[in-house]
Number of protein chains: 2
Amino acid sequence: MIRDEALRLFAEHGPDAVSVRQIAAAAGVSAALVVHHFGSKEALREVVDHHVLETFDAMLTEMTGEQAPDLYDPAATGSLVEAVLRHLPPDSPMPAYLRRMLLTDSEAGKELFAKIFAVSEGMLAALSEAGMAAPGADPAVRAAFLMANDLAVLLLRDRLTEVLGVDPLSQEGMARWAAEVLAVYARGLSPSLEVGDAS
Amino acid sequence: MIRDEALRLFAEHGPDAVSVRQIAAAAGVSAALVVHHFGSKEALREVVDHHVLETFDAMLTEMTGEQAPDLYDPAATGSLVEAVLRHLPPDSPMPAYLRRMLLTDSEAGKELFAKIFAVSEGMLAALSEAGMAAPGADPAVRAAFLMANDLAVLLLRDRLTEVLGVDPLSQEGMARWAAEVLAVYARGLSPSLEVGDAS
DNA sequence: CAGAATACTAAACGAGCGTTCAGCTCCTGT
DNA sequence: ACAGGAGCTGAACGCTCGTTTAGTATTCTG
């Protein structure tokens with residue numbers, strides 16, 4: 001499928017660094033056919049964007065059950081990134097493509113981010129209602145903070161792999177990362193179990 | 001200066017999206033001179049990378065005094081991003097360029113990230129020695145987590161501005177953001193001041 | 001003041017880009 | 001059987017890119 005090869009190449013190199021001829025070669029067709037089918041390279045990019053967004057939406061609705069407040073589970077940390085990755089084959093181009101969408105100033109990226117933010121807000125609200133977390137003085141910012149922390153692992157994956165010596169999105173990496181995140185979310189950075197003065 | 005115009009344009013649009021002719025026009029010279037001066041566009045990019053890295057290093061060494069453990073200060077949060085931004089004019093292209101360096105797979109970006117990670121590790125160690133934080137079960141990962149949280153605001157700045165309605169790197173945005181971050185770092189997400197069971 | 005280096009430019013080159021075009025299969029409906 | 005359209009292609013077009021070249025001012029040096 002032309003679209004899937006485009007998705008793969010776009011995810012790996014970025015749309016601007018991939019030529020129509022490369023996509024055509026990867027899909028085993030001519031460059032002219034790619035354009036004939038989608039109208040233009042830009043239109044193909046929009047089709048891929050839309051496809052990724054749809055797939056993500058499907059995963060999200062499928063996960064809203066499983067994603068329910070088991071925040072303090074060792075397996076499911078309330079990390080959306082972790083949950084999404086578990087639903088994808090290890091060689092899927094989706095994470096890299098989603099990463100690009102989040103970092104690029106496109107309409108689709110904006111939509112994706114807003115969606116994730118809504119999930120984050122919903123999770124915090126549910127957690128709060130269950131008495132497992134406080135919404136904080138500024139719930140929107142707290143939800144954004146939790147979301148940003150979660151996404152950071154995806155955005156900085158390669159860099160973190162370099163300095164930690166382990167891919168934070170691998171099995172082992174996620175376990176180590178989640179342990180620290182949960183510890184901080186449970187007790188903060190405090191050295192003791194007692195919370196000292198905070199004024 | 002040609003280099004400064006290149007820095008500005010690279011930061012705004014990314015090196016690949018900026019042509020030598022654009023840089024030349026912005027600097028008020030011919031395209032040929034740009035190449036003659038730096039050898040090639042790629043070499044110019046390396047000069048800019050090096051310049052940014054040097055500037056960042058200078059800021060870092062200047063800040064290591066001021067950056068000392070005043071983590072729980074309302075002004076200086078232990079946020080490196082915040083501290084760097086305070087040392088820069090509001091229209092500086094540096095933050096955007098640093099953001100690109102962190103997100104791109106270049107040697108300079110790798111170096112930059114390693115440097116920031118070292119600072120983060122150092123800060124956590126200092127905080128720990130001062131009894132203000134625990135190094136956690138996995139100090140490297142904890143330092144990486146704190147760093148990632150900090151950087152996320154820079155990486156997702158535009159997106160967060162969209163959903164929050166306020167630039168998280170503006171005066172007001174930083175205050176709101178820092179308040180929540182400090183609250184979580186101090187007490188975790190717990191709804192009460194008492195830490196419940198955590199097993 | 002001569003002469004060489006330096007700063008700089010306009011013009012052109014070759015390559016790669018997205019896209020267009022004319023035409024070639026090859027399946028389908030009548 | 002055979003028109004007709006869909007699927008598909010190689011070649012070409014116009015454009016922009018980074019870079020090269022040949023040459024002109026300008027400035028430094030003896």
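Both backbone and side-chain heavy atoms feed into the values below; hydrogens, waters and symmetry mates do not. Chain letters run A, B, ... following the sequence lines, proteins first and then strands; every chain starts at 1.
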What's the closest nucleotide to the [X] side chain, out of [options]?
X     : options                : value
B/V20 : D/dG7, D/dG18, C/dT19  : D/dG18
A/K41 : C/dG18, D/dT21, D/dG10 : C/dG18
B/A32 : C/dA10, D/dC8, C/dG18  : C/dA10
A/L33 : C/dT9, D/dC8, C/dC17   : D/dC8

So, does B/R100 use its side chain to make a donor-acceptor pair with the main chain of B/P15 at under 3.5 Å?
->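 No.
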Rounded to whole Å, please give me the gap between [atom1] in [X] and [atom2] in [N].
X     : N      : atom1 : atom2 : answer
B/D16 : C/dC17 : CG    : C1'   : 14 Å
B/H36 : C/dA11 : NE2   : P     : 19 Å
B/L44 : D/dT19 : CG    : P     : 10 Å
A/Q22 : C/dC17 : CD    : P     : 6 Å
B/H13 : D/dT16 : NE2   : P     : 17 Å
B/F38 : C/dC8  : CZ    : C1'   : 14 Å
A/H37 : D/dA6  : NE2   : P     : 12 Å
A/I23 : C/dT19 : CD1   : C1'   : 14 Å

Does [X] come within less than 4.0 Å of [Y], counting only side-chain N to carboxylate O?
X      : Y      : result
A/R8   : A/D4   : no
A/E180 : A/R176 : no
B/D49  : B/R45  : yes

Taking for each residue the nucleotide of DNA chain C with the nearest heavy atom, is it B/S30 or A/A31 whose nucleotide lies nearer the 5' end?
-> B/S30
Closer than 4.0 Å, any side-chain N/O of A/S19 to the OP1 or OP2 of C/dG16?
->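 Looking at the OP1 and OP2 atoms of C/dG16, neither is under 4.0 Å from any side-chain N or O of A/S19.
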Using a heavy-atom cut-off of under 4.0 Å over every strand shown, decide if A/V34 touches base, sugar-phosphate, or nothing.
->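 If one applies the 4.0 Å heavy-atom cut-off, A/V34 turns out to touch nothing in the nucleic acid.
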Reported CZ-to-CG distance for the pair A/F145 and B/L160, which is rounded to 0.5 angstrom |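 Spacing of CZ (A/F145) from CG (B/L160) equals 11.5 Å.
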May I ask you to verify whether the side chain of B/R21 and the base of D/dG18 hold a donor-acceptor pair under 3.5 Å?
->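 It does, because a donor-acceptor pair links the side chain of B/R21 to the base of D/dG18 below 3.5 Å.
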